Amino acid sequence: MSHEHVSNTKRIWTVFGILSVITIVEVIFGIIKPEALHMNSFLGLNLLNWLFIILTIVKAYYIVYAFMHMEGEKSNLRYSVILPLIFLVIYLLFILLTEGNYIFEVFKDSTIKWNF
């Protein structure tokens with residue numbers, strides 16, 4: 001009973017290519033900052049930042065899926081790992097946006113000036 005060693009070189013290059021393309025898209029949007037995305041807001045954050053958040057979550061999911069070998073696991077295990085992380089990310093985004101908006105309002109309406 002011998003096990004055949006399977007090369008994952010193609011898979012690794014595919015993951016590298018996908019993550020590189022997503023990163024390049026993020027960098028291009030960060031440099032260009034299109035007016036349609038930068039000047040319009042949704043839920044207290046401009047659309048460009050939402051794009052960055054979504055692309056980063058996609059990259060994080062793909063890293064977990066590919067490098068933690070989640071694609072070969074049963075769906076129940078995948079969901080038990082991924083769903084708490086999705087909930088945590090949404091919760092942290094809620095805290096970030098709520099507290100960031102509060103800080104902005106405090107500095108906008110008070111005599112305290114921005115010193116950072």
Side-chain angles (χ1 to χ4, degrees):
M1 223 162 94
S2 65
H3 295 283
E4 184 179 326
H5 177 70
V6 178
S7 176
N8 287 328
T9 306
K10 181 181 177 190
R11 184 174 163 273
I12 291 171
W13 281 108
T14 303
V15 171
F16 173 74
I18 291 170
L19 294 176
S20 296
V21 166
I22 293 173
T23 303
I24 289 169
V25 168
E26 286 179 332
V27 169
I28 289 171
F29 275 117
I31 291 171
I32 295 174
K33 291 185 183 176
E35 291 288 325
L37 296 175
H38 188 60
M39 294 301 176
N40 295 323
S41 64
F42 177 70
L43 295 176
L45 199 61
N46 66 38
L47 295 177
L48 187 61
N49 286 345
W50 279 115
L51 179 70
F52 290 145
I53 290 169
I54 291 168
L55 288 176
T56 302
I57 290 172
V58 168
K59 283 194 321 186
Y61 176 79
Y62 203 80
I63 289 169
V64 169
Y65 187 76
F67 293 119
M68 292 179 68
H69 308 287
M70 286 292 167
E71 74 272 12
E73 299 296 337
K74 295 187 183 230
S75 63
N76 289 337
L77 179 62
R78 276 187 285 187
Y79 290 136
S80 69
V81 171
I82 298 298
L83 290 179
L85 291 175
I86 291 172
F87 174 75
L88 179 65
V89 166
I90 291 171
Y91 178 67
L92 292 174
L93 280 173
F94 170 76
I95 291 174
L96 176 74
L97 294 175
T98 303
E99 295 301 321
N101 189 40
Y102 171 75
I103 296 287
F104 176 76
E105 293 296 326
V106 165
F107 280 112
K108 184 179 82 167
D109 296 334
S110 70
T111 59
I112 302 172
K113 299 297 177 200
W114 294 94
N115 60 358
F116 51 90

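All values below were derived from every heavy atom in this structure, side-chain atoms included, with hydrogens, water molecules and symmetry-related copies excluded. Just so it is clear, the model here is predicted, and its values are computed rather than measured.
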Rounded to the nearest 0.5 Å, what separation is found between the [atom1] atom of [X] and the [atom2] atom of [Y]?
X: Leu85; Y: Ile90; atom1: CG; atom2: CD1; value: 11.0 Å
X: Lys33; Y: Leu37; atom1: NZ; atom2: CG; value: 12.5 Å
X: Ile24; Y: Leu19; atom1: CD1; atom2: CG; value: 11.0 Å
X: Arg78; Y: Asn76; atom1: CZ; atom2: CG; value: 9.5 Å

Membership question, hydrophobic clusters at under 4.5 Å side-chain separation (ILVMFWY): are [Y] and [X] in the same one?
X: Tyr79; Y: Val81; value: yes
X: Ile32; Y: Trp50; value: no
X: Ile57; Y: Val25; value: yes

> Of Ile53, Asn49, Leu55, Ile54, which is the lone residue that meets side-chain contact (heavy atoms from CB on, under 4.5 Å) with Leu51?
Replying inline: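 Per the side-chain contact (heavy atoms from CB on, under 4.5 Å) rule, the option paired with Leu51 is Leu55, out of Ile53, Asn49, Leu55, Ile54.
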Minimal non-hydrogen separation, [X] against [Y], with atom names:
X: Leu47; Y: Ala36; value: CD1-O, 4.1 Å
X: Val58; Y: Ile22; value: CG1-CD1, 3.8 Å
X: Phe52; Y: Glu26; value: CE2-O, 3.3 Å

>> Ile18 vs Thr14, test: side-chain contact (heavy atoms from CB on, under 4.5 Å). Steps then yes/no.
In response: CA-CA 6 Å; Ile18 291 170; Thr14 303; 4.0 Å; yes
> Angle class for the Tyr65/Tyr62 ring planes (parallel below 30°, perpendicular above 60°, tilted otherwise)?
Replying inline: tilted
